[in-house]
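All values below were derived from every heavy atom in this structure, side-chain atoms included, with hydrogens, water molecules and symmetry-related copies excluded. Naming convention: chains lettered A, B, ... in sequence-line order (proteins, then strands); numbering from 1 in each chain. For clarity, every value in this text was computed on a predicted model and none was experimentally measured.
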Amino acid sequence: MNDMPEGASARYDFAAAEPRWQSAWEDARCFAVPDVPPAGARKYYVLEMFPYPSGKIHMGHVRNYTLGDVVARYKRARGHLVMHPMGWDAFGLPAENAARERGVHPGEWTYANIAAMRAELKRMGLSLEWDREFATCDPEYYGQQQRLFLEFMRAGLVERKESWVNWDPVDGTVLANEQVIDGRGWRSGAPVEKKKLSQWFFSITKFAPDLLAALDGLDRWPERVKLMQANWIGRSEGARVRFAMAEAVDGVAEVEVFTTRPDTLFGMSFLAVAAEHPLAAAAAARDPKAAAFIAECRALGTSEAAIEQAEKQGFDTGFRVCHPFTGQEYPVWIANFVLMEYGTGAIFGCPCGDQRDLDFARKYGLPVPQVVMPRGADPATFAVGTEAFTDDGVIINSAFLDGLGVAEGKRAAIAELERLGAGQGVTNWRLRDWGVSRQRYWGCPIPVIHCDGCGAVPVPDDQLPVVLPQDVDFSRPGNPLDHHPTWKHVPCPRCAKPARRETDTCDTFVDSSWYFARFCSPRAQQPILREAASWLPVDQYIGGIEHAILHLLYARFFTRALHGMGALPTPEPFAGLFTQGMVTHASFRAADGRWLYPGEVSLDAEGNATETATGAAVAIGRGEKMSKSKNNTVDPGAIIARYGADTARWFILSDNPPERDMEWSESGVQGAFRFTQRVWRLVANLAEVDAPDEAAGRKLRQATHRAIAAVTDAWEGFAFNVAVARLHELANAIADAARAPLAARQEALEALLRLAAPAMPHLAEEAMARLRPGAALVATMPWPEADPALLKAETVTLAVQVLGKLRATIEVPADADEATIFALAEAEENVKRALDGKPVRKRIHVPGRVVNLVA
RNA sequence: GCGGCCAUGGCGGAAUGGUAGACGCGCUAGCUUGAGGUGCUAGUGGGGGCAACCCCGUGGAAGUUCGAAUCUUCUUGGCCGCACCA
């Protein structure tokens, strides 16, 4: 390229161009939309899960916000009125940890982090409307949340109940599950205890049937997320069965269990209760060994995963219950795998039909009666060994149920229970009410005042917001709000006698359960302006799969509740959901377990790694989630400074499908960088002379319009890595078409820029300004349209298979008839050889694809 | 433990049940360049063959089908969630 004009080969200067175009978009207010979408506007609300302000953006954020920005820019070009806001999920534990560790106030720490992260996000060139920004720790936000809390109270959706928390007896603090490590407090190292506290709950279980049923209507949600939610809500049909105590204990004459398998009642071997069950308490009062066993169970903490993974253990209380059908007596055990929160906190153990019960029975030498066998098995000899039989089968050894299948058995058993008055068929839900109380400072204060005379009194409207006090002491363990000298002492709003403020704050999931609605009217003097809420539902929500259950379910509950109160126009918050994968990076670990930085490691030609300083072998972790503790983070700020925002965005889109985990690689970024430079060169080096090779022109125009169609489909369908591949192909086609007429080359280049603009918006603007000086901002241009005439092919290539194996390809006119096609196929030398003279018995033709000859 | 998902060349991946490996990274060879973290050209799943071609191949095993990366069953490995991390 010696003959290029001076300066034409100059590199694309992203460092100068990117801030310039960011200002241009801002000056033109390209991304601002009215609070109330005008009548007739095609509104489209794009939202990425807002970040926790940790202080630095990480690659997961870059990925999340790049994906959202592609959607926002694409939809804008397709003529939608796009709302695309950003804010901060700003309450939570890390700010308190910083306060305790470094003496900085959580608010100060959080707002400094927000300022730093906002600046980093702005460098990415996201098409965000920053005017709508807020942080959940702003009193303007959490004050409105307090109004919602009181509205929920009035609607009967708030309850006060007791529940268990992890308690660190040394620190005198409630611990989050993640702060419990191997049953001990993360700071004190003391064994955790379960402690019962009176706390506030949202009655999400009232909505369980609705939340389940409405999943069917969420047609733009991933199936797996809907499945996980359905399983979480956990509707199950079964029975409650009352077992009379052989002898009443502390006045308790019966135990109620929930079971989904009433058909196996005759297979009972024991009854087991949770460690928190009243009968367990009664046993503990009589027997110190029972008390010790319960204490052991409590040491497991509240995490369900930890409880269920623990070795199955039990303790025989000595109490006995009578079987409702036979009157036979069975022992009552306390078992560490029975959950107080599910069903009634008690189960009947049927070892032959349930794996956990079987493991338990084998461990403690309890009988294993056989009551269900596979169809066709011999009842005289059938017996489960170490594996329970849980499939459908035939009921045996079960009196009136003998010979029935599982489903009929359930119905018959329930009918009998109801006739005897010993139980009834019920629908049970796994979903529990949502405990929102947190004994922490950095959260939204729950707007309630406790009065000895009047009970829990809502804070009156004119006293809202209840603002967090600034002067708090983090040198002591526990909740600073609770030991603040004055804050909690207030008169009762009802009787004016001395009373106490609620010192619990809200779970941060509450903050994120309505922020998407607040974005519609972020400065309103009420939580949500009804007219502005017509932006809802969010048309496309994007975030991590780790939120598939809790956050999304809570947000659905909030929206449903607010819809019921008339505050929102829709019962569902997110019409479309996309869940992205994590960003991972190779990690290096020495034999002694130290995580090494990439700079400390040498790689040889075979890909083996050694520690440079010592020569010792190093284990290479296949991509692991980026984490400071593993020394495998990549700082987006450094990448953007070195390669530019467009390169970072392009690489993160091109590497793999967005729903999968992606591995960050330096060479991949360099490849993306080279492509941005290549696009710039194609435009900058455009030879403005006409070279009228019409055939080359037609070929290029076909490539252009096929790219328009393919890239449009790919952006539309979240196949972002495919969009990138098709754009590479278009760039290749342009590079190969030097002899095509100028108009065709210009058309192709312009299409390339506009199709790539959602991903590399700055370069698209800079190159467009060069290609067509004086053109409008690409950010405001409509989406290119493919010309259908140029999408049609004159001929098609068909694969010819013999018995399903490829033997030849034939080129036929697009409108060739089948007889011609089969004749051509069978005339191929290779096909004849494969047929080996055998007659063709069957001919299959899939138009445009394949011919298969069956001999 | 329970629930959910994923698996294709050296690497990331593409492929309405219809030519497996598009596109990119990396690598190899050549050219270009004063230089290269530059550009261009060609090649690049494994095996056999001078070639035409042939055989094998989508974590593993079996099945459905004219035809399976794609559907079904089982299995192995990895990842996500499990209610106080966000």
Side-chain angles (χ1 to χ4, degrees), chain A residues 1-2 9 11 49 51-52 54 89 91-94 165-166 174-180 222-225 227-228 230-232 234 302-310 312 337 341 355-356 359 430-440 507-509 512 544-551 553-554 579 581-582 584 607 622 625 651 654-657 659-663 665 667-668 670-675 677-678 681 719 721-722 724-729 732 735 797-809 829-830 833 841-844 846 848-854:
Chain A
M1 309 225 168
N2 306 323
S9 68
R11 285 195 160 200
M49 291 179 184
Y52 179 80
S54 59
D89 188 12
F91 275 136
L93 274 178
V165 294
N166 298 310
V174 177
L175 297 175
N177 279 336
E178 72 155 15
Q179 296 174 326
V180 178
E223 284 305 319
R224 59 177 165 151
V225 173
L227 243 177
M228 281 191 263
N231 289 334
W232 185 263
T302 59
S303 153
E304 197 170 308
I307 291 166
E308 294 210 5
Q309 272 168 58
K312 312 264 170 298
F337 61 89
E341 288 81 15
Q355 193 60 45
R356 285 188 303 187
D359 295 344
R430 207 185 76 96
L431 184 67
R432 308 200 294 259
D433 276 335
W434 174 14
V436 296
S437 287
R438 298 291 181 271
Q439 294 69 41
R440 314 200 185 282
D507 179 6
T508 55
F509 274 126
S512 54
I545 185 69
E546 67 274 20
H547 293 293
I549 296 175
L550 291 179
H551 161 58
L553 192 63
Y554 291 149
T579 53
M582 294 185 305
T584 67
R622 344 173 328 144
K625 184 172 182 168
F651 172 59
S654 65
D655 188 60
N656 69 350
E659 67 274 17
R660 281 199 219 167
D661 289 353
M662 76 168 283
E663 171 134 354
S665 81
S667 53
Q670 285 170 12
F673 179 74
R674 283 201 293 271
F675 184 72
Q677 294 295 344
R678 183 164 189 232
R681 249 189 343 265
N721 56 324
V722 180
V724 166
R726 297 289 96 85
L727 287 165
H728 274 284
E729 285 173 348
N732 290 343
T797 307
L798 291 179
V800 182
Q801 299 176 338
V802 177
L803 285 162
K805 275 188 191 282
L806 180 71
R807 295 301 171 185
T809 58
E829 273 310 311
N830 230 23
R833 190 164 352 113
R841 287 187 291 120
K842 191 170 174 185
R843 295 177 176 83
I844 290 146
V846 181
R849 295 280 182 180
V850 77
V851 170
N852 192 8
L853 304 172
V854 184

Under 3.5 Å for both donor-acceptor distances, Watson-Crick or wobble: does [N] have a partner, and if so which one?
| N | value |
| --- | --- |
| B:U70 | none |
| B:C5 | B:G78 |
| B:C25 | B:G10 |
| B:A83 | none |
| B:U38 | none |

From [atom1] of [X] over to [atom2] of [N], roughly how many Å is that when rounded to an integer?
| X | N | atom1 | atom2 | value |
| --- | --- | --- | --- | --- |
| A:Arg833 | B:A52 | CZ | P | 12 Å |
| A:Ile307 | B:C82 | CD1 | P | 14 Å |
| A:Glu223 | B:C6 | CD | P | 12 Å |
| A:Asn656 | B:C6 | CG | C1' | 12 Å |
| A:Asp661 | B:C5 | CG | C1' | 10 Å |
| A:Ile545 | B:C80 | CD1 | P | 12 Å |
| A:Arg841 | B:G67 | CZ | P | 10 Å |
| A:His551 | B:C82 | NE2 | P | 14 Å |

Within the 4.5 Å heavy-atom criterion, are A:Glu341 and A:Arg430 side-chain neighbours or not?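 A:Glu341 does not reach A:Arg430 side chain to side chain.
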Is the closest side-chain heavy-atom distance between A:Leu431 and A:Leu553 below 4.5 Å?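 SC-SC contact between A:Leu431 and A:Leu553 confirmed.
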Taking the chi torsion of B:G60, is it syn (within 90° of 0) or anti (everything else)?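 Base orientation relative to the sugar is anti.
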Please report the C-alpha distance between A:Arg681 and A:Arg678 in whole Å, then the side-chain angles of each, then the deciding distance to 0.1 Å, and finally whether the side chain to side chain contact (heavy atoms under 4.5 Å, CB included) criterion is met. CA-CA 5 Å; A:Arg681 249 189 343 265; A:Arg678 183 164 189 232; 3.8 Å; yes
Donor-acceptor pair, [X] side chain versus [Y] backbone, under 3.5 Å?
| X | Y | result |
| --- | --- | --- |
| A:Asn830 | A:Ala808 | no |
| A:Asn721 | A:Asp655 | no |
| A:Arg807 | A:Gln801 | no |
| A:Asn166 | A:Thr302 | yes |
| A:Gln309 | A:Ala306 | no |

What is the per-nucleotide protein-contact pattern of nucleotides 21-29 of chain B, from the 5' end, where B denotes a base atom under 4.0 Å from a protein heavy atom, S denotes such proximity for sugar-phosphate atoms only, and - denotes neither? -BSSSS---
When you check every protein heavy atom under 4.0 Å of nucleotides 69-77 of chain B, what one-letter string (B, S, -) results, 5' to 3'? ---------
What's [X] touching, base or sugar-phosphate or nothing? Going by heavy atoms closer than 4.0 Å.
| X | result |
| --- | --- |
| A:Ser54 | nothing |
| A:Val846 | base |
| A:Pro222 | nothing |

What's the gap between [N] and [M] when it is taken at their [atom1] atoms, as a whole Å value?
| N | M | atom1 | answer |
| --- | --- | --- | --- |
| B:G34 | B:U38 | C1' | 13 Å |
| B:U32 | B:U41 | C1' | 11 Å |
| B:G24 | B:U75 | P | 41 Å |
| B:U73 | B:C54 | P | 36 Å |
| B:G77 | B:A61 | C1' | 15 Å |
| B:C40 | B:G18 | P | 35 Å |
| B:G67 | B:A29 | C1' | 40 Å |
| B:G9 | B:G46 | C1' | 9 Å |

Taking the minimum atom-to-atom distance to the side chain of A:Arg660, which one of B:C82, B:G3, B:A7 wins? B:A7
Shortest non-hydrogen pair, A:Ile844 vs A:Val854, comes out as CD1-CG2, 4.5 Å
Residues that A:Tyr554 engages under ring pair (Phe, Tyr, Trp, His ring centres under 6.0 Å), provided they are two or more places apart: A:Trp434, A:Phe509
Can you give me the N/O atom pairs linking the protein to nucleotides 83-86 of chain B at distances under 3.5 Å, or say none if there are none?
unit_1 : atom_1 : unit_2   : atom_2 : d
B:A83  : OP1    : A:Asn177 : ND2    : 3.4
B:A83  : OP2    : A:Glu304 : N      : 3.0
B:A83  : O5'    : A:Asn177 : ND2    : 3.3
B:A83  : O2'    : A:Arg432 : NH2    : 3.3
B:A83  : N6     : A:Arg430 : O      : 3.0
B:A83  : N1     : A:Arg432 : N      : 3.0
B:C84  : OP2    : A:Arg438 : NH2    : 2.8
B:C84  : O4'    : A:Arg438 : NE     : 3.1
B:C84  : O4'    : A:Arg438 : NH2    : 3.2
B:C84  : O3'    : A:Asn177 : N      : 3.4
B:C84  : O2'    : A:Asn177 : N      : 2.7
B:C84  : O2     : A:Arg440 : NH2    : 2.5
B:C84  : N4     : A:Gln199 : OE1    : 3.2
B:C84  : N4     : A:Gln439 : OE1    : 3.0
B:C85  : OP2    : A:Glu178 : N      : 3.2
B:C85  : O4'    : A:Glu178 : OE1    : 3.2
B:C85  : O4'    : A:Glu178 : OE2    : 3.2
B:A86  : OP1    : A:Leu93  : N      : 3.1
B:A86  : OP2    : A:Thr508 : OG1    : 3.2
B:A86  : O3'    : A:Asp89  : OD2    : 2.7

Output, in order, the C-alpha distance, side-chain angles, deciding distance and verdict of side chain to side chain contact (heavy atoms under 4.5 Å, CB included) for A:His728 and A:Phe675. CA-CA 8 Å; A:His728 274 284; A:Phe675 184 72; 3.3 Å; yes
Taking 4.0 Å as the cut-off, does a side-chain nitrogen or oxygen of A:Lys805 come that near to OP1 or OP2 on B:A68?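 For B:A68, OP1/OP2 do not have a side-chain N/O of A:Lys805 under 4.0 Å.
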Does a side-chain N or O from A:Arg224 land closer than 4.0 Å to OP1 or OP2 of B:G81, or not?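 Checking B:G81 against A:Arg224, no side-chain N or O comes under 4.0 Å of OP1 or OP2.
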Note: for A:Leu853 and A:Lys312 on RNA chain B, the residue whose nearest nucleotide lies more 5' is A:Lys312
If you assign each of A:Asn852 and A:Ile549 to its closest nucleotide in RNA chain B, which residue comes earlier from the 5' end?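 Result: A:Asn852.
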So, using salt bridge (charged side-chain N to carboxylate O under 4.0 Å, His left out) as the criterion, who are the partners of A:Asp433 when residues are at least two apart? A:Lys161
Let's go through A:Asp507 and A:Arg438 carefully: what are the C-alpha distance in whole Å and the side-chain angles of both, what is the deciding distance for salt bridge (Lys or Arg N to Asp or Glu O under 4.0 Å) to 0.1 Å, and is it a yes or a no? CA-CA 6 Å; A:Asp507 179 6; A:Arg438 298 291 181 271; 3.1 Å; yes
side-chain contact (heavy atoms from CB on, under 4.5 Å) partners of A:Ile545, counting only residues at least two apart: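 With sequence neighbours excluded, A:Ile545 shows a side-chain contact (heavy atoms from CB on, under 4.5 Å) to A:Arg224, A:Val225, A:Met228, A:Ala548, A:Thr579, given in chain and number order.
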